[in-house]
Amino acid sequence: MVNRINKVDFHYVANNAAHRTIEITTKQLIVRRGQPFLLTLEMLQSFSVGDTLLLTVETGPAPLERHGTRSQFGNPSPKYPRDAKAVWKYEIDRRAVLERGIVALSVTPPIDAPVGKYSLSAMTHGETKNLGTLVVLFNPWCSDDWMYLPDDRERQEYVMNEEGTVYTGTSDCISSLPWIFGQFEEEMVDICLKILDANLKHRKDPAGDTSARCNPIYVSRVISAMVNSNDDQGVLVGRWDGKYSDGCSPTYWTSSVSILQRWFQNRCSPVKYGQCWVYAAVMCTVMRFFGIPCRVVTNFQSAHDSNNSLTIDECYDDYGVRSKETSESVWNFHVWVEGWMKRPDLMKGGMYDGWQVLDPTPQEKSEGVFCCGPAPVNAILRGDTDVKYDVPFVYAEVNADIVKWMIGTNGSKKKMYTDSMSVGQSISTKAVGSWKRVDITDSYKHKEGSAAERAIFKRAVRMNSKEGQGCDIEEAPQYVEMKIKEETKAINGQDVKLSLKLSSKDHTNKVLSVRVNAQAMRYNGNPAGNILNKVQHVTLLSRQDVAIPLLIPFADYSKHMVNCDSIKVSAVASDSDEYYQTETNITLEQPVISMKVLDPVHVNREMTLEVEFKNPLNERLRNCSLTVIGCGLFKSDYVKSDLREVEPNATLRVKITTTPYRAGLKTVVADFDCSSFRDIKSSCIVDVKP
């Protein structure tokens, strides 16, 4: 008599807890490769160890043993082809009660199993029964997996933490932007698997693409390409010109979940709009879901070098920074992610294992597709620009020299000087286990201006530049030193007070024509509008200093700064045929919104939040809206767009109710938007009790 399977128990709760996926769901099995899970089959009659029981797992459209996308295993032991990959196994678990037909199995997905969704079936004496499905993820807890991370505190931060911080602003004024990654929201399973299936490589070669998902290097490149929409049905459309009326401004977003939900619910239609920090945060969510340790990294004064010259030309005229005709520029900041993985493909004995730069922002193509990385951070530090993938581009982002040019009224071009110190400042990421900022610049480059830094830079120039280009041209001495500093903190809504200091460095007196210019700047280094022009003649005596007060009235900058990130103040002094230049980026401090929880908070009980904002201006705020989101607190964005106008110097208070559905410490993030202030953020911690 055939011994049929009567029932199957996937032990969703116990298995998902053991595999650290319980936060995602208790309704389907989600396991990590290289780690066993419990499967119990209830037979119609008693079972013996020698009885036939073959399990089969399959993933992808054309599962094959040699692709690692199909595995049949059990008793009797199948004969595998020589080129079989990703062979699964099971053992009878001690919890089995075979005489009663309770067959408890300890099933282990191999360490080279492709990640993704699998079907599972069982065969007993020639009869096959479909048991259900399971999802397999990478395993940073398993020492044999390529993304194994030994430190448990780091695993908790870089895999398990659903909340974090993205750093923006300027190197002199770093801002902290709260972000909800939300990789364990239940719909992330379908969304992240769809991201893999929607990629170009899967459409061209579904079987090969599914097989390659065993490799985190491959998977991370696919995610990098799919987060932008330049080549495919990717998640986000990028836009940097300030025209966002047919979508959402990039500054609106506070959560990857909001973006990924929109993409998935709209049949993989790209979401409008994103910029670098949004791309990076979304990629971090997807990487953490799949089990690749990931962190968001911000590089301040980030160079975009499109021709591998390791130099960026910046041109000035009487009106300040000239708009560029090329894609090369220095961004106030640029955000990418780092993924943790081994790099056996580079065959250097582990030299390039560890953190790898991955950048989903569509800047330059890599092997014909808009993606970037993984580029080993250690290769960037060493200047090994011949290493895969895209090391020259990332090396330039943190090391390029800036060459400053003065453009005359007749179109003539005169070099002022080369700045070899500014690019690649305060490279930042969130600390493990706290909300502090960690500076990781030393992992990317040697101390600025040191012998090691310059030697590696010159080597990189020789490797990347065309024959005949060099980097040893002597710079003319600068006889006048100039510096702009803030006299008071620059606060949005108030006049900006600065001073320009000129210092003589030689023994001659000079009569200087000083042009001061202030421009509203987008964070990617492109000017959006002129705010101030000032020309003044100054007599600078030998070895003396002169200070010039500068004032930028609120009335002059207010209309420009709603959609801009900073004010670039530049000064050019000329003495006959010599030019001297300095500049600074001013980031305005935004008004504060505050949040507080009004009652003790428990799972599945209604709670109330109060959000408060005080209008600091002597003018009415129009078009006010408030968006609130939090993992385990809101299933989707809470949006209140019918707020009344806020009168001058008045205070707005809004009460919001929601019902938490997960216990623990949760972060709620609020975004307030209006006619005068664009997307002001705030966050607070909510302790949700069981």
Side-chain angles (χ1 to χ4, degrees), residues 140 147 149 153-171 174-184 188 192 220 223-224 226-228 235-236 238 250-251 253-260 274-300 302 331-341 354-363 371-375 377 380 394 397-398 424-441 443-444 523 629 631 667 669 681 683:
M147 69 294 309
L149 191 58
R153 291 179 68 250
E154 292 185 343
R155 290 193 295 256
Q156 293 301 314
E157 182 67 48
Y158 301 136
V159 181
M160 302 299 291
N161 197 351
E162 292 189 88
E163 297 142 358
T165 296
V166 180
Y167 295 102
T168 60
T170 66
S171 56
I174 297 174
S175 302
S176 175
L177 176 67
W179 194 270
I180 303 295
F181 295 114
Q183 69 270 24
F184 297 142
M188 286 299 111
C192 292
S220 64
I223 296 170
S224 174
M226 277 299 299
V227 171
N228 70 70
V235 175
L236 276 162
T251 57
W253 306 110
T254 57
S255 166
S256 304
V257 179
S258 311
I259 296 165
L260 290 166
Q275 292 175 359
C276 70
W277 71 93
V278 186
Y279 284 116
V282 170
M283 182 167 183
C284 184
T285 294
V286 181
M287 294 276 281
R288 288 184 182 182
F289 168 81
F290 280 113
I292 302 174
C294 189
R295 62 187 186 184
V296 177
V297 172
T298 302
N299 176 40
F300 291 94
S302 187
W331 298 24
N332 286 355
F333 65 91
H334 183 53
V335 185
W336 54 70
V337 301
E338 290 177 356
W340 179 274
M341 65 191 74
W355 290 117
Q356 315 284 322
V357 171
L358 292 141
D359 190 351
T361 301
Q363 297 181 94
C371 69
C372 180
V377 173
I380 299 163
V394 183
E397 288 183 299
V398 299
Q425 298 292 316
S426 303
I427 303 175
S428 302
T429 193
K430 178 186 175 295
V432 172
S434 82
W435 293 94
K436 294 180 180 178
R437 182 182 69 88
V438 176
D439 191 310
I440 57 171
T441 308
S443 66
Y444 280 84
Y523 85 99
I629 191 168
C631 287
T667 300
V669 179
K681 315 285 186 185
S683 65

Undergrad: Can you tell me how far SG of C276 sits from NE2 of H334, rounded to the nearest 0.5 angstrom?
TA: 5.5 Å
Undergrad: Roughly how far, to the nearest 0.5 Å, is CG of L149 from CD of E154?
TA: 5.0 Å
Undergrad: List the atom of C284, the atom of V296, and the distance in Å for their closest heavy-atom pair.
TA: CB-CG2, 3.8 Å
Undergrad: By side-chain contact (heavy atoms from CB on, under 4.5 Å), which residues pair with E157, not counting sequence neighbours?
TA: N161, K430, V432
Undergrad: Could you work out, with side-chain contact (heavy atoms from CB on, under 4.5 Å) as the rule, every residue matching S683, not counting sequence neighbours?
TA: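 In terms of side-chain contact (heavy atoms from CB on, under 4.5 Å), with neighbours along the sequence ignored, S683 is linked to P178, T667, V669.
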Undergrad: Check for a donor-acceptor pair, side chain of S434 on one end and backbone N or O of A431 on the other, with a separation under 3.5 Å.
TA: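 Checking the backbone N and O of A431 against the side chain of S434, no donor-acceptor pair under 3.5 Å is found.
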Undergrad: Is there a donor-acceptor pair under 3.5 Å between the side chain of Y279 and the backbone N or O of G238?
TA: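 Yes; judged by distance alone, with no hydrogens or angles, the pair exists.
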Undergrad: Apply the test side-chain contact (heavy atoms from CB on, under 4.5 Å) to residues V297 and I427: give CA-CA distance (whole Å), side-chain angles for both, the deciding distance (0.1 Å), then the verdict.
TA: CA-CA 7 Å; V297 172; I427 303 175; 3.6 Å; yes
Undergrad: Answer with yes or no whether the side chains of W336 and T361 bring together a donor and an acceptor at under 3.5 Å.
TA: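 T361 vs W336: no donor-acceptor pair found between side chains.
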Undergrad: Restricting to non-hydrogen atoms, name the atom on W435 and the atom on E163 that form the minimum distance, rounded to 0.1 Å.
TA: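 Here W435 and E163 meet closest at CH2-CB, 4.2 Å.
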Undergrad: Under a 3.5 Å distance rule, please check whether N228 uses its side chain to pair with a backbone N or O of P360 as donor and acceptor.
TA: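 Such a contact is found between N228 side chain and P360 backbone.
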Undergrad: Find the distance between CE (M226) and CG (L236) and round it off to the nearest 0.5 Å.
TA: 10.5 Å
Undergrad: Just to verify, what does W277 make a side chain to side chain donor-acceptor pair (under 3.5 Å) with, not counting sequence neighbours?
TA: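 For W277, no residue satisfies side chain to side chain donor-acceptor pair (under 3.5 Å) once neighbours in sequence are set aside.
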Undergrad: Between C631 and F184, is there a side-chain heavy-atom distance shorter than 4.5 Å?
TA: no
Undergrad: Please report the shortest heavy-atom distance between R288 and V159, naming the atom on each side.
TA: CB-O, 3.7 Å
Undergrad: What closest approach, in Å, do C192 and F289 show between heavy atoms, and which atom pair accounts for it?
TA: CB-CD2, 3.4 Å
Undergrad: Which atom pair, heavy atoms only, marks the closest approach of I292 to G339?
TA: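 The answer is CG2-CA, 4.5 Å.
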Undergrad: Can you name the closest pair of heavy atoms from S256 and T285 and give their distance?
TA: OG-OG1, 2.8 Å
Undergrad: How far does CZ of F300 sit from CG of N332, to the nearest 0.5 angstrom?
TA: 9.0 Å
Undergrad: Do Q356 side-chain atoms and G354 backbone N/O form a donor-acceptor pair below 3.5 Å?
TA: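 Answer holds: yes.
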